[in-house]
Amino acid sequence: MSPASAESQEFKAAGHPDSLTTEVRKEAREKRLYPDIQRNAYARTAVAPFAVRARPGAPVAAPVSWTEVEDGGIGARSFTLRDISARLEGNPWQDAFRRGRSLGGARRRLDRLR
């Protein structure tokens with residue numbers, strides 16, 4: 001994580017200590033939300049928006065606004081496969097494929113593993 005990213009994450013959490021935390025370990029977070037901005041960089045993995053989680057009730061990963069976070073009452077199971085369509089406006093993937101990525105390097109690494 002870049003120093004600027006770390007500072008931004010700590011700043012957000014410091015402003016809302018009852019609802020946000022920079023604690024990475026789930027058991028230490030209690031009921032607070034971890035704003036994982038470490039995923040906002042090239043080649044970082046993350047759950048895709050609107051992906052259905054393999055959990056009971058089929059919760060769906062959905063983007064949320066800071067207002068929703070600050071208002072509270074939002075969590076990992078706030079949206080499900082049954083009700084996520086009400087949250088969609090237009091095509092959330094419309095800009096997802098603007099810039100292609102080459103798979104050449106990954107293919108060469110995979111070939112070396114064989």
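Under the rule for a side chain to side chain contact (heavy atoms under 4.5 Å, CB included), the partners of Arg87 that lie at least two apart in sequence or sit in another chain are Ala62, Val64, Glu68, Phe79, Ile84. For Leu33, the side chain to side chain contact (heavy atoms under 4.5 Å, CB included) partners at least two apart in sequence or on another chain are Leu20, Val69. Evaluation of the side chain to side chain contact (heavy atoms under 4.5 Å, CB included) rule for Ser85 yields no partner, not counting sequence neighbours. Considering only residues two or more places apart in sequence or on other chains, Ala76 meets the side chain to side chain contact (heavy atoms under 4.5 Å, CB included) condition with Arg53. Listed by chain and number, the residues in a salt bridge (Lys or Arg N to Asp or Glu O under 4.0 Å) with Asp111 are Arg107 (sequence neighbours excluded). Contacts of Arg82 classified as salt bridge (Lys or Arg N to Asp or Glu O under 4.0 Å), with partners at least two apart in sequence or in another chain: none. For Glu27, the salt bridge (Lys or Arg N to Asp or Glu O under 4.0 Å) test picks out Arg25, with sequence neighbours left out. Partners of Glu23 by salt bridge (Lys or Arg N to Asp or Glu O under 4.0 Å), not counting sequence neighbours: none found.
Contact record, Ala58 with Val52: CB-CG1, 3.9 Å, taken as the closest heavy-atom pair. Residue Ala61 comes nearest to Ala48 through the heavy atom pair CB-O, 3.8 Å, listed as atom of the first residue, atom of the second, then distance.
Listed for the Arg109 side chain is no donor-acceptor partner under 3.5 Å among the backbone atoms of Gly104. Judged purely by atom type and a 3.5 angstrom limit, Arg29 has no side-chain atom pairing as donor or acceptor with the backbone of Thr21.
Of the inter-residue distances, the one linking Ser65 atom OG with Glu70 atom CD reads 8.0 Å to the nearest 0.5 angstrom.
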